Amino acid sequence: MGPIEDKTVSGDRVIVALDVSTYEAAIAWVDRLPEVSFWKVGLELFISAGPAIVQELKQRQKRIFLDLKLHDIPNTMAGAARAVGRYGVDLLTVHGAAGLTALEAAQAAAIAGATEAGVTPPQLIAVTLLTSIGPDCLAADLQVSASVADYTAHLAQLAKTAGLAGAVCSPQEAATLRSHCGADFLLVCPGVRPAWAASGDQQRTLTPAEAFAAGASYLVVGRPVTAAADPVAAWERLVAEVASS
């Protein structure tokens, strides 16, 4: 999964979040939405279901975004990334705030684990700032004096320096990060909300069309589809919306 050369927007560039707590519930969604090709497995589901959910998605030839947000000392992050490297997933998240040494260690270890298993290494992407955090929280709770734009740009550049494939950012920072990090750098944007969906706890959102226009490579969408009264219709509406962007 390299840089985005084709500017055509399709459903293949929309990742649907399996934000459920059991293997059975996750597979029920995969069965219900067979047209979805790219699924996000987050921390809750992975802790509950373990590698079995990854293995099942692989057997179904789905692409997998393993969103574990690894954040620890370099040795521990490297060990975890090496283990994940053996799974053959497409994307793995680590926290940019872990620092350059930890990011470099995780990147090297993921490649080593994949090589041992004979699979394609995951592309590591660094979380810059959770989309539930706004400027007031960044300043007051986290005591970060930089603006959201400057802080996310710094961590994205740190990820690029470490050799990572890209970063996770809100769509509101996508244009800035794209200009800082170049066309080959992946930008994965959660917190995207179609105009017809509620924003929920997301603080820094754009519509799918706005996010792609700003430079997003992939969007992550959960509740606008999975919490809709008719999830199949919501997915079709979302794909139609991004296809026209």
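All heavy atoms count here, side chains included; hydrogens, waters and symmetry mates do not. What you see is a predicted model; the values in this text were computed from it and never measured. The first residue of the sequence shown is numbered 1, and numbering continues consecutively from there.
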How close do [X] and [Y] get, counting heavy atoms only, and between which atoms?
X    : Y    : result
A174 : A216 : CB-N, 4.2 Å
P121 : A114 : CA-CB, 3.4 Å
G85  : V119 : O-CG2, 3.4 Å
V94  : A106 : CG1-CB, 4.4 Å
P208 : V242 : CB-CG1, 3.5 Å
L177 : C169 : CD2-CB, 3.7 Å

Please name all residues satisfying side chain to side chain contact (heavy atoms under 4.5 Å, CB included) with [X], sequence neighbours left out, ordered by chain then number.
X    : answer
T161 : L100, Q157
A105 : P74, A78
D141 : C137

So does [Y] get a backbone contact from the side chain of [X], meaning a donor-acceptor N/O pair under 3.5 Å?
X    : Y    : answer
S217 : L187 : yes
R178 : G182 : yes
R63  : V89  : no

Side-chain donor-acceptor distances from residues 42-57 under 3.5 Å, at least two apart:
| unit_1 | atom_1 | unit_2 | atom_2 | d |
| --- | --- | --- | --- | --- |
| S48 | OG | S21 | O | 2.4 |
| E56 | OE2 | R60 | NE | 2.8 |
| E56 | OE2 | R60 | NH2 | 3.4 |

Under 3.5 Å, is there a donor-acceptor pair linking the side chains of T101 and E104?
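There is no such pair (donor and acceptor under 3.5 Å, judged by atom type) between the side chains of T101 and E104.
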Check whether the side chains of S170 and E173 place a donor and an acceptor atom closer than 3.5 Å, and report yes or no.
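There is such a pair between these side chains.
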Transitive ILVMFWY side-chain link I125 to I111, under 4.5 Å
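No, no single cluster joins them.
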Check whether V232 and I27 end up in the same hydrophobic cluster, where Ile, Leu, Val, Met, Phe, Trp and Tyr are linked by side-chain heavy atoms less than 4.5 Å apart.
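Yes, it is one cluster - the side chains of V232 and I27 are joined through contacts under 4.5 Å.
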Which ring pair (Phe, Tyr, Trp, His ring centres under 6.0 Å) pairs, counting each pair once, include a residue from residues 57-84, with sequence neighbours left out?
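For residues 57-84: H71-H95.
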For residues 125-175, which residue pairs pass the ring pair (Phe, Tyr, Trp, His ring centres under 6.0 Å) check, not counting sequence neighbours?
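Output for this query is empty, none listed.
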With T226, which residues qualify under side-chain hydrogen bond (donor to acceptor under 3.5 Å, both in side chains), at least two apart?
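With sequence neighbours excluded, T226 shows a side-chain hydrogen bond (donor to acceptor under 3.5 Å, both in side chains) to no residue whatsoever.
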Test side-chain hydrogen bond (donor to acceptor under 3.5 Å, both in side chains) applied to K69 - qualifying residues, sequence neighbours left out
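K69 satisfies side-chain hydrogen bond (donor to acceptor under 3.5 Å, both in side chains) with D67 only.
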List the steps, then state whether side-chain contact (heavy atoms from CB on, under 4.5 Å) holds for L33 with V30.
CA-CA 5 Å; L33 295 168; V30 177; over 6 Å; no
Measure the spacing between [atom1] of [X] and [atom2] of [Y] and express it to the nearest 0.5 Å.
X    : Y    : atom1 : atom2 : result
L68  : M77  : CG    : CE    : 11.0 Å
F38  : I15  : CZ    : CD1   : 4.0 Å
F212 : T207 : CZ    : OG1   : 10.5 Å

Which salt bridge (Lys or Arg N to Asp or Glu O under 4.0 Å) pairs, counting each pair once, include a residue from residues 19-30, with sequence neighbours left out?
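Counting only pairs at least two positions apart or across chains, the salt bridge (Lys or Arg N to Asp or Glu O under 4.0 Å) contacts touching residues 19-30 are D19-K40.
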All pairs passing salt bridge (Lys or Arg N to Asp or Glu O under 4.0 Å) where residues 154-170 contributes a residue, at least two apart:
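The answer is none; no pair qualifies.
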Can you sort out the partners of K58 under salt bridge (Lys or Arg N to Asp or Glu O under 4.0 Å), two or more places apart, ordered by chain and number?
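Per chain and number, K58 pairs via salt bridge (Lys or Arg N to Asp or Glu O under 4.0 Å) with no residue.
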Check whether any side-chain heavy atom of [X] sits under 4.5 Å from a side-chain heavy atom of [Y], and report yes or no.
X    : Y    : result
V239 : V14  : no
P231 : W29  : yes
V36  : W235 : yes
L186 : Y218 : yes
L103 : L158 : yes
T93  : L124 : no

Applying side-chain contact (heavy atoms from CB on, under 4.5 Å) to Y87 and L66, what does each step give before you reach the verdict?
CA-CA 10 Å; Y87 294 156; L66 190 54; 4.1 Å; yes
Quick one, L142 with L129, criterion side-chain contact (heavy atoms from CB on, under 4.5 Å). Give me CA distance, side-chain angles, the key distance, then yes/no.
CA-CA 11 Å; L142 303 186; L129 188 66; 4.3 Å; yes
After noting the C-alpha distance and the side-chain angles of F185 and L164, does the key distance pass the side-chain contact (heavy atoms from CB on, under 4.5 Å) rule?
CA-CA 9 Å; F185 197 71; L164 272 63; 5.5 Å; no
Please list all pairs passing the side-chain hydrogen bond (donor to acceptor under 3.5 Å, both in side chains) test where one or both residues lie in residues 72-86, with sequence neighbours left out.
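Found R82-E116, R86-E116.
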